[in-house]
Amino acid sequence: MFKDKSAKPFTEKVDTIIGSGTAFEGNIIASGTVRVDGRLNGEIQTENDVIIGESGQVTGLIKGKNINVAGLVQGNIEAEGQLQIVSSGKVIGDIHVESLQIDDGAKYTGNCRMKTELYVAESSTSASQSASQSVG
């Protein structure tokens with residue numbers, strides 16, 4: 001799937017960069033691709049991709065389309081598409097993803113939920129059963 005083990009953008013254009021040597025505290029809400037090579041204490045929410053470079057450290061929730069982790073993430077991750085943790089990457093937190101790739105040497109601690117059609121169908125069935133049981 002991914003031949004190169006380095007953290008490369010899924011898209012050609014990176015719109016927001018937290019450079020190495022930079023520490024930022026606060027939330028980032030963006031529509032484009034976000035890359036973190038420095039330290040971020042806060043949330044990232046974007047409609048596009050997120051790249052955490054090898055020197056990148058994020059403490060907080062990350063929500064995006066595709067997420068590539070080569071650095072450290074301490075917090076939950078929600079990926080509409082794929083989460084890739086490359087060999088230098090470390091994730092400590094729960095993840096909710098469509099697709100997951102963990103390379104040899106990568107570290108991951110937490111719970112994982114996969115977005116699947118079966119999961120969605122089961123959730124809606126059990127929700128409708130619960131509603132009909134509580135009504136009757």
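Just so it is clear, the values below take in all heavy atoms, side chains as well, and ignore hydrogens, waters and symmetry mates.
- A single hydrophobic cluster is not seen to contain both L72 and Y108; linkage of ILVMFWY side chains at heavy-atom distances under 4.5 Å, directly or through other members, places them apart.
- The two residues I92 and K90 make their nearest non-hydrogen contact at CD1-CE, 3.9 Å.
- Taking CG of N111 as the reference point, atom CG of D94 lies at 4.5 Å (rounded to 0.5 Å).
- Judged by distance alone, with hydrogens and angles left aside, the side-chain atoms of T46 form a donor-acceptor pair with the main-chain N or O of G32 at under 3.5 Å.
- Interatomic distance, Q57 CD to L40 CG, rounded to the nearest 0.5 Å: 10.5 Å.
- In this structure, K115 NZ and E98 CD are separated by 7.0 Å, a value rounded to the nearest 0.5 Å.
- Side-chain atoms of I67 and V69, non-hydrogen and from C-beta on, do get closer than 4.5 Å to each other.
- Smallest separation of non-hydrogen atoms from V34 and A30: CG2-CB, 3.9 Å.
- By the 4.5 Å heavy-atom criterion applied to side chains, E78 and N76 are not counted as neighbours.
- Proximity of I18 to I28: side-chain heavy atoms (C-beta onward) are separated by under 4.5 Å at one or more points.
- Under the 3.5 Å distance criterion, the side-chain polar atoms of N41 are left unmatched by any main-chain donor or acceptor of E25.
- Taking hydrophobic clusters as Ile, Leu, Val, Met, Phe, Trp and Tyr residues chained together by side-chain heavy-atom distances below 4.5 Å, L100 shares a cluster with V50.
- L61 and L83 sit in two unconnected hydrophobic clusters of ILVMFWY residues. Membership requires side-chain heavy atoms under 4.5 Å apart, directly or through other members.
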Requested in this report: Could you check S87 against D104 for side-chain contact (heavy atoms from CB on, under 4.5 Å), going step by step and ending with a plain yes or no?
Outcome: CA-CA 6 Å; S87 59; D104 287 342; 5.8 Å; no
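- For the atom pair CD1 of I52 and CZ of R35, the computed distance is 9.0 Å after rounding to the nearest 0.5 Å.
- Taking both residues in full, the closest heavy atoms of A70 and S88 are given as O-OG, 2.8 Å, listed atom of the first, atom of the second, then distance.
- Between the N27 side chain and the E43 main chain, a donor and an acceptor come within less than 3.5 Å of each other.
- Within 6.0 Å of CD on E80 lie no more than 12 heavy atoms contributed by other residues, nucleotides or ligands.
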Query raised in the report: Step by step, would you call V97 with M114 a side-chain contact (heavy atoms from CB on, under 4.5 Å)?
Result: CA-CA 5 Å; V97 299; M114 302 292 288; 3.5 Å; yes
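- The minimum heavy-atom distance linking V58 with G42 is given by the pair CG1-O, 4.1 Å.
- If you check the side chains of Q82 and Q84, you find no donor sitting under 3.5 Å from an acceptor.
- Between T33 atom OG1 and D49 atom CG the span is 4.5 Å, to the nearest 0.5 Å.
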